[in-house]
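Since the structure comes first, as structure tokens, the remarks are kept for the end.
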Amino acid sequence: MTDQAALASKLETGVSQLRCIACGAVGEEGAKSVRCAQCGDLLEVLYPGWKTSAGARAAGLDAAGLKKLWLQRRTSWNALDESGVWRFREILPALHDWNYVITLCEGNTPVYQLPSCGRAAGVEQLFAKHQGMNPTGSFKDTGMTVAASFARQAGFRWVACASTGNTSASMAAYAARAGMRSLVLIPQGQITWGKLSQALDYGAVTCQLKTDFDGCMRVLDEVVQRMPVYLLNSVNPYRLEGQKTTAIELLERFDWQPPDHIMVPGGNLGNSSAIGKALLEMKELGLITRLPKLSVIQTEGANALVRTMRETGGRELISVHAETMATAIKIGSPASWKKAVRVIETTGGVVEQVSEVEMALAKAEIGADGIGCEPASAVTLAGLKKLVKQGFVRKNETVVLILTGNLLKDPDFTLKFHRGDLFAGTEHEEEAAEVLAPRQRAPMVLDASATAVVKVLEYAEQTDPRK
Ligand code: F0G
């Protein structure tokens with residue numbers, strides 16, 4: 001056995017523990033409830049062997065060895081190595097048998113440089129880690145592969161989630177791959193057709209409830225208590241372990257030189273918590289020497305975390321009645337708020353909110369860089385612009401936006417934007433007409449004649465805003 005193989009086999013038996021974030025009680029692995037049996041708060045996965053860097057070394061978690069091992073796996077055809085999540089399995093909770101893993105080759109997402117968005121925001125080095133390039137088109141896949149595998153190992157026949165659309169699409173896919181059944185609760189009329197059609201195609205039992213996301217969550221909590229189904233929302237701590245790999249892949253791509261800032265959209269706050277946890281763990285393990293600042297961006301209409309931080313210093317959750325066109329993050333009472341507050345404070349990040357018009361403009365700018373994303377992801381660029389103006393982000397700092405969902409998740413929003421209908425009849429109509437018009441490219445209906453097309457082409461050339 002080579003040194004690297006010996007390290008790998010030693011590490012794959014790594015021990016993890018579920019612990020309550022509030023009272024510290026230790027949870028039972030494979031239990032149906034994903035909450036603390038003592039106080040009902042959220043659980044998190046801890047790795048007691050890493051407590052100190054000496055402990056980490058004793059557990060075989062040598063930073064240089066890990067970096068080499070993870071890089072080597074990129075040339076392997078082993079299904080676990082092909083996954084951008086399980087490639088990093090030394091810092092994930094270990095399954096009793098790796099055959100339980102359900103993988104769709106998730107992760108492995110690109111990092112793009114965004115030059116014109118960088119100019120719009122006023123920073124020289126702007127990048128996007130595009131989690132919308134995952135198998136079901138959102139970051140949810142990186143967490144779902146881990147949590148669904150644990151559900152399979154524990155022998156669950158049914159898995160369930162409440163969702164604004166992406167979690168349900170992802171869960172339905174992973175459940176289908178493993179022959180498990182899935183139950184989806186979504187707010188009626190408040191998720192995009194793209195996401196709904198995915199859940200249907202992957203065979204989920206899909207219930208559109210006459211309530212919002214927070215209402216779906218409450219109903220699901222009760223269903224889970226009454227029926228033998230396993231909850232796969234991001235309150236499930238295994239989900240967050242998989243989502244950590246976004247940050248690990250990112251740092252590997254940057255040759256372990258941390259960017260100065262990472263911007264994440266905030267909804268139920270699982271993703272920001274996971275990315276923050278990864279940053280802290282990477283520092284603990286000596287994989288990086290400095291922490292990037294992790295900032296969370298919300299829309300003004302779904303700003304529970306912003307209000308929680310500003311009005312209570314992060315001590316008490318302020319729930320809101322959520323209203324935003326970014327349906328993915330239309331959440332008023334985020335479950336993982338305590339975890340998110342902790343990582344924002346520890347990394348020195350901030351929270352910011354953006355208007356609907358600012359979000360729509362940012363989405364068009366990301367599209368114009370040849371990348372595209374769904375509306376919720378675009379809050380990151382809109383938020384960055386504000387943070388640059390405030391002086392929190394400086395011009396020469398390196399910034400990474402986490403784009404969470406694919407452009408094709410919400411074509412309706414994009415079409416309405418370009419047709420100029422997005423804000424029609426709303427209080428933002430006038431502002432939108434002025435700010436967004438230069439970015440609008442409505443499709444044109446023409447006679448089937450080359451002359452008509454040539455005229456359009458000539459006009460477009462004369463009025464090209466980039467000239
Ligand atoms: N971006 C997208 C595209 C999302 O779908 C979500 C959440 C978020 C950002 C926010 O992430 O909740 O971890 O803070 N979507 C969930 C869902 C709620 O049901 O698909 P978060």
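When a ligand or atom number is given, it counts from 1 through the structure's own listing order.
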Worksheet item: Which atoms of ligand 1 are found less than 4.0 Å from any heavy atom of Thr167?
Response: 16 (C), 17 (C), 19 (O), 20 (O)
Practice prompt. Under 4.0 Å from a heavy atom of Gly270: give me the atoms of ligand 1 that qualify, with their elements.
Written response: 13 (O), 14 (O), 21 (P)
Discussion item. Do Gln113 and Gln125 pair up side chain to side chain, a donor and an acceptor below 3.5 Å, judged on atom types alone?
Written reply: yes
Worksheet entry | Within-cut-off N or O pair, Ser377 and ligand 1, under 3.5 Å | no
Discussion item. Below 3.5 Å, N or O to N or O, backbone or side chain included: is there any such pair between Thr164 and ligand 1?
Written reply: yes
Practice prompt. Mind checking salt bridge (Lys or Arg N to Asp or Glu O under 4.0 Å) for Glu249 and listing every partner two or more places apart, or none if nothing turns up?
Written response: Lys129
Worksheet item: Thr103 and Glu106: side-chain donor and acceptor closer than 3.5 Å?
Response: yes
For residues 415-426, tabulate all N or O donor-acceptor pairs below 3.5 Å that involve a side-chain atom, not counting sequence neighbours.
residue : atom : partner : partner atom : Å
His418  : ND1  : Arg441  : N            : 2.9
Thr426  : OG1  : Phe423  : O            : 2.7
Thr426  : OG1  : His428  : N            : 3.1

Item to complete: Would you check the N or O atoms of Ser163, main chain and side chain alike, for any that come under 3.5 Å of an N or O of ligand 1?
Response: yes
Practice prompt. Return the option from Leu305, Ile329, Ile331, Leu240 holding the heavy atom at the smallest distance from atom 8 (C) of ligand 1.
Written response: Ile329
Worksheet item: Are any of the N or O atoms of Gly267 closer than 3.5 Å to those of ligand 1?
Response: yes
Worksheet item: Going by the atom numbers of ligand 1, which of them fall below 4.0 Å from some non-hydrogen atom of Asn268?
Response: 12 (O), 14 (O), 21 (P)
Discussion item. Would you say Thr324 and Glu356 are linked by a side-chain donor-acceptor pair, where the criterion is simply a distance under 3.5 Å?
Written reply: yes
Item to complete: Tell me which protein heavy atom sits closest to atom 15 (N) of ligand 1, plus the residue, atom name and distance to 0.1 Å.
Response: Lys140 NZ, 2.9 Å
Worksheet entry | Contact atoms of ligand 1, heavy-atom distance to Glu374 under 4.0 Å | 3 (C)
Item to complete: Verify the distance criterion only: is there a donor paired with an acceptor across the side chains of Gln243 and Lys140 at less than 3.5 Å?
Response: no
Response to the item:
Closest to atom 11 (O) of ligand 1 among protein heavy atoms sits Phe139 CZ, 3.4 Å
Worksheet item: Do any nitrogen or oxygen atoms of Ser234 come within less than 3.5 Å of a nitrogen or oxygen of ligand 1?
Response: no
Response to the item:
Numbered in order shown, the ligand 1 atoms found under 4.0 Å of a heavy atom of Ala328 are 2 (C), 3 (C), 4 (C), 5 (O), 6 (C), 7 (C), 15 (N), 18 (C)
Discussion item. Ring centroids only, cut at 6.0 angstrom: are Trp70 and Phe88 within range, meaning strictly under it?
Written reply: yes
Practice prompt. Give yes if a backbone or side-chain nitrogen or oxygen of Asn166 is under 3.5 Å from a nitrogen or oxygen of ligand 1, and no if not.
Written response: yes
Discussion item. Just checking Phe254 against Phe127, ring centres under 6.0 Å apart?
Written reply: yes
Practice prompt. May I ask you to check whether Glu90 and Tyr47 show a side-chain donor-acceptor distance below 3.5 Å?
Written response: no
Practice prompt. Decide, yes or no, whether a salt bridge links Glu241 with Lys277 under the criterion of side-chain N to carboxylate O below 4.0 Å.
Written response: yes
Discussion item. Considering both backbone and side-chain atoms of Asn271, is one of its nitrogen or oxygen atoms within less than 3.5 Å of a nitrogen or oxygen in ligand 1?
Written reply: yes
Worksheet item: Quick one: nearest non-hydrogen protein atom to atom 1 (N) of ligand 1, plus distance?
Response: Thr404 OG1, 2.7 Å
